[in-house]
Amino acid sequence: MSTDSQPQTILTGDRPTGALHLGHYVGSLQQRVALQHHHRQFVLIADLQGLTDNGSDPAKIARNIPQVMADYLAVGLDPEKTTFCLQSALPALAELTMLYMNIVTVSRVERNPTVKNEIAQKGFSRSLPVGFMVYPISQAADITAFNATLVPVGGDQLPMIEQTNEIVHKMNSLLGKPLLHSCQALTGSTDRLPGIDGQAKMSKSLGNTLLLSASDEEICRAVHAMYTDPGHLRVSDPGKVEGNVVFSWLDAFHPDKSLVAEMKAHYQRGGLGDRLCKKELEACLIALLTPVRERRATLIAEPDYLMQTLKAGTQRAREVTQRTVDTLKRELGLPIMG
Ligand code: ATP
Ligand code: MG
């Protein structure tokens, strides 16, 4: 979607379960920075959703809120153009979640492939928190409360967008009018960045991340440990680029795409060693992250400014979201008091 098409409302966000990483950058942050100039953009820090698998550690979620705010501003999200808001301070979102929970079946919730996969990864079994099971419903509430039509997300979130649109459709049929808007996912240049350990997705809870705040040493250590092609024993051996994390990352981050294409061809026919590929990757990551890390260090030293910025945006978001819930309740024939 071009950024100069009709302005649309955007809602996207992150769980404050840790500081943000390179997966967030290519999956969503990069797009948000570009889109903020031409659209009405809300970015939600989803602390309630963060609690769905951290219920016994709310302090961890609270502590990471300013961390995520610092990441946002450090990559170039601008509070003049983007409204930042906090999920737990928007009661309309919880109210909408409760309303939607009555029109979604248990079997539908159980079918969500991302949730299924996360439940297996986290080994929840019978100790699965109810809140975790239904978090896609709360995401639908978040998106529709803002009347968002565009949602920049990573590939793992596509099932959530599908489920949101089903809820929109059901609710509109119930109301007999198209009150809620359906939305469209907008995946980034890399919709699922693999972790440094070679797992399919870099994720805070899998501990395989490279943070936006990483130092040069951390970058080099991560790249050094990175999974390549185990069959590529000698430099002269032909190597595989599929499933080779170094090449996935070069694709995601290297600005010179033709150089990466040449490197891939050379690696595949043999004669290009892992060490040189990793050097090239290190250099481009250092160039990308150094200015982000420097801006972030200044920002994180100003927690009051970060929280004030979040508070100001949350106040604006409260009006928008409450209006949606009130309209919906009125149309459903539910009483509105106060
Ligand atoms: P957690 O492990 O706590 O769920 P996470 O690393 O998955 O954390 P989220 O806050 O759940 O991060 O995701 C926020 C946004 O970033 C989502 O749109 C998600 O799709 C995107 N995202 C996260 N990780 C990646 C990744 N590795 N590649 C592309 N997009 C990603
Ligand atoms: Mg996640």
Side-chain angles (χ1 to χ4, degrees), residues 10-33 35 41-55 57-58 60-65 67-69 71-72 75 77 84 86-87 112-124 129 131-133 135-136 138-140 142-143 148 150-164 183-214 222 226-227 245 248-249 251-253 285:
I10 295 174
L11 185 274
T12 178
D14 307 277
R15 292 153 36 95
T17 46
L20 301 186
H21 52 69
L22 282 172
H24 295 110
Y25 186 77
V26 282
S28 178
L29 292 174
Q30 238 178 349
Q31 310 224 72
R32 301 179 197 176
V33 172
L35 290 162
Q41 178 162 264
F42 295 91
V43 170
L44 181 75
I45 298 191
D47 56 343
L48 290 180
Q49 201 193 113
L51 285 172
T52 60
D53 55 346
N54 290 281
D57 196 1
K60 169 181 159 188
I61 300 300
R63 183 169 74 233
N64 279 304
I65 293 170
Q67 295 291 330
V68 171
M69 276 301 289
D71 286 323
Y72 286 159
V75 296
L77 286 171
F84 302 100
L86 185 66
Q87 191 181 34
N112 185 306
T114 298
V115 177
K116 250 194 202 165
N117 188 24
E118 288 174 338
I119 289 172
Q121 256 172 4
K122 292 171 196 288
F124 276 138
F132 192 86
M133 190 77 225
Y135 87 73
S138 104
Q139 265 183 240
D142 300 340
I143 295 167
L150 209 53
V151 190
V153 279
D156 61 315
Q157 296 300 305
L158 295 178
M160 315 306 173
I161 304 301
E162 191 184 321
Q163 207 164 346
T164 298
C183 62
Q184 191 192 338
L186 192 62
T187 47
S189 51
T190 305
D191 73 355
R192 194 173 301 219
L193 185 73
I196 52 179
D197 58 353
Q199 289 202 64
K201 181 180 174 283
M202 174 178 290
S203 176
K204 290 177 232 119
S205 46
L206 295 176
N208 60 2
T209 63
L210 187 59
L211 297 181
L212 297 177
S213 57
M226 202 168 262
Y227 183 86
V245 183
S248 308
W249 282 43
D251 276 336
F253 299 107
L285 292 176

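Whatever order the structure lists them in is the order used to number ligands and atoms, beginning at 1. Hydrogens, waters and symmetry mates play no part in the numbers below; they use all other heavy atoms, side chains included.
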Can a donor-acceptor pair be found, under 3.5 Å and without considering hydrogens, that links the side chain of Q87 to the backbone of L44?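 Such a contact is absent between Q87 side chain and L44 backbone.
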Between S28 and P152, is there a donor-acceptor pair closer than 3.5 Å when you use the side chain of the first and the backbone of the second?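 Yes; at least one donor-acceptor contact below 3.5 Å.
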If the criterion is any heavy atom closer than 4.0 Å to an atom of ligand 1, which residues make the list?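 Around ligand 1, where the cutoff is 4.0 Å for heavy atoms, the contacting residues are G13, D14, R15, T17, H21, G23, H24, G27, V153, G154, D156, Q157, D191, R192, L193, K201, M202, S203, K204, S205.
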If a pair satisfies salt bridge (charged side-chain N to carboxylate O under 4.0 Å, His left out) and one of its residues is in residues 115-124, list it, with sequence neighbours excluded.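 Output for this query lists D53-K122.
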Mind checking whether H21 and H24 have parallel, tilted or perpendicular rings, split at 30° and 60°?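 Plane angle between 30° and 60°, so tilted.
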Test salt bridge (Lys or Arg N to Asp or Glu O under 4.0 Å) applied to D14 and K204, step by step: CA-CA 11 Å; D14 307 277; K204 290 177 232 119; over 6 Å; no
Starting at OH of Y25, measure out to CG of L212 and round the result to the nearest 0.5 Å.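 Separation between the atoms: 8.5 Å.
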